[in-house]
Protein chains: 2
Amino acid sequence: MQIMTDLKSAGYRLTQSRAAVVRIIDEADGWLRPEQVHSQAKKYCPSIGLVTVYRTLALLVEHGYIRRIHFDDKCHGYARVELSHGHHLVCRGCKQTIEIAGTEDLKPLMKQVQNETGFVIEDHLLELVGLCRECQHIPT
Amino acid sequence: MQIMTDLKSAGYRLTQSRAAVVRIIDEADGWLRPEQVHSQAKKYCPSIGLVTVYRTLALLVEHGYIRRIHFDDKCHGYARVELSHGHHLVCRGCKQTIEIAGTEDLKPLMKQVQNETGFVIEDHLLELVGLCRECQHIPT
DNA sequence: GTGAATGCAAACTATTTGCAAAGGT
DNA sequence: ACCTTTGCAAATAGTTTGCATTCAC
């Protein structure tokens, strides 16, 4: 729960709701939608409201503890960041999200792109979507 | 307007609205939000409704003519696909979107990930965000 | 003429904001 | 006790759906 300590030193209060959200994210195998975080967080903080979940997720994103997951459809989810600026691999079947160490592999590509385009690249997002071993029977 | 021919052979009708949306996307330098496509498409089809824009965008995505752009915040945009499954580079300042030929560079990484995780990777999304030459004066 | 496509309004989903009450320090 | 944080309700933003009308073929 390093994040809780970090938040405390940043001047935030250690509330039940925040602890509950962090705990749910920690326990999750993959990514969760805000609504899922909410219903699960009630386990540890029965009175928690969905609004607080949104606010806490925003706080955790801001502090780099979790990351937003984007899909081709409209749904957004959140997953814990394991490796600084790693990329992620999402299973289309069971939704588990695995962080993959990645920036290094992209360095040459990014350098090449900067040279060719004159852009200064500030950030990048690499998302691989597929099926994990257990979900490979699922049709396309 | 290859896409219009394609749609026709797929059995879709060549309507004013569809032509207007395609034309706006073609003329755009970068990505556009549905609302922007709508207001600009009125130039060519004054009666077009936002709903039709959404429906047409979905059709064009389905046929691989455009791609959804995801940002860290909630806004989704659409940009033309120039290169089959290329990745894209988005300018944070002026929003221009450049397609970069890319799958090749990721092949080794994807192969490695498949071996290490047992996943079958079906799709990937690489988005580089930065500032183009003209926008580099903009603060972070 | 016929059925696909459209536009409108209304429904819906996801997220954010205002504000009084509760809780952490 | 003070001031942040919370929960509720309501507001908002983005997108989708139902249905009568319009338009491409």
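Below, chain A is the first sequence line, B the second, and so on; all start at residue 1.
Both B:K8 and B:L50 lie close to DNA chain D; mapped to their nearest nucleotides by heavy-atom distance, the more 5′-ward contact belongs to B:L50. With DNA chain C read from its 5' end, the first of the two nearest nucleotides for B:R13 and B:T56 is the one closest to B:R13. Residue order along DNA chain D, read from the 5' end via each residue's closest nucleotide, puts A:C45 first among A:C45 and B:V51.
Across D:dT16, D:dT6, D:dA24, the shortest atom-to-atom separation from the side chain of B:T15 is found for D:dA24. If you check C:dA4, D:dT6, C:dG7 against the side chain of B:R55, the one that comes closest is C:dG7. Taking the side chain of A:P34 as heavy atoms from C-beta on, and the options C:dA5, C:dT15, D:dT5, the nearest nucleotide is C:dT15.
Note on the helix from C:dG1-D:dC25 to C:dT25-D:dA1: angle between the axes of the first and last five pairs equals 30°, rounded to 10 degrees.
Counting to the nearest Å, the P atom of C:dT15 and the CD atom of A:E35 are 10 Å from each other. Here D:dT4 presents its C1' atom at 12 Å from CG of A:L59, a figure rounded to the nearest Å. Residue A:Y44 contributes atom OH, which lies 18 Å from atom P of D:dT6 at whole-angstrom precision. Atom CG of B:L14 is separated from atom P of C:dT6 by 11 Å (rounded to the nearest Å). For the pair B:M4 CE and D:dA24 P, the computed distance is 11 Å after rounding to whole Å. Spacing between atom CZ of A:R33 and atom P of C:dT15 amounts to 9 Å, rounded to whole angstrom units. Per the geometry, CG belonging to B:L7 stands 13 Å off C1' belonging to C:dA5, to the nearest Å. Atom pair B:K42:NZ and C:dG7:C1' shows a separation of 12 Å (rounding to whole Å applied).
The shortest distance between the side-chain N/O atoms of B:Y54 and the OP1/OP2 oxygens of D:dT16 is not below 4.0 Å. Distances shorter than 4.0 Å separate some side-chain N or O of B:S47 from OP1 or OP2 on C:dG7.
Within the 4.0 angstrom heavy-atom criterion, only backbone atoms of the sugar-phosphate kind lie near A:R18; the bases stay farther away. Here A:Q16 lies in heavy-atom contact (under 4.0 Å) with sugar-phosphate atoms only.
In this structure, the side chains of B:T56 and B:V37 stay at 4.5 Å or more apart for every pair of heavy atoms. Using a 4.5 Å heavy-atom threshold, the side chains of B:L32 and B:Q40 count as touching. No side-chain heavy atom of B:L57 sits under 4.5 Å from any side-chain heavy atom of B:Y65. With a 4.5 Å cut-off on side-chain heavy atoms, B:L59 and B:R18 count as touching. With a 4.5 Å cut-off on side-chain heavy atoms, A:R55 and A:V51 count as touching. Put simply, the side chain of B:K43 reaches to within 4.5 Å of the side chain of B:I24, judged on heavy atoms.
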Given A:M4 and A:Y12, is the side chain to side chain contact (heavy atoms under 4.5 Å, CB included) satisfied, shown in steps? CA-CA 9 Å; A:M4 291 308 274; A:Y12 294 96; over 6 Å; no

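When every heavy atom of A:Y44 is checked against every heavy atom of A:Q16, the shortest pair comes out as O-OE1, 4.5 Å.
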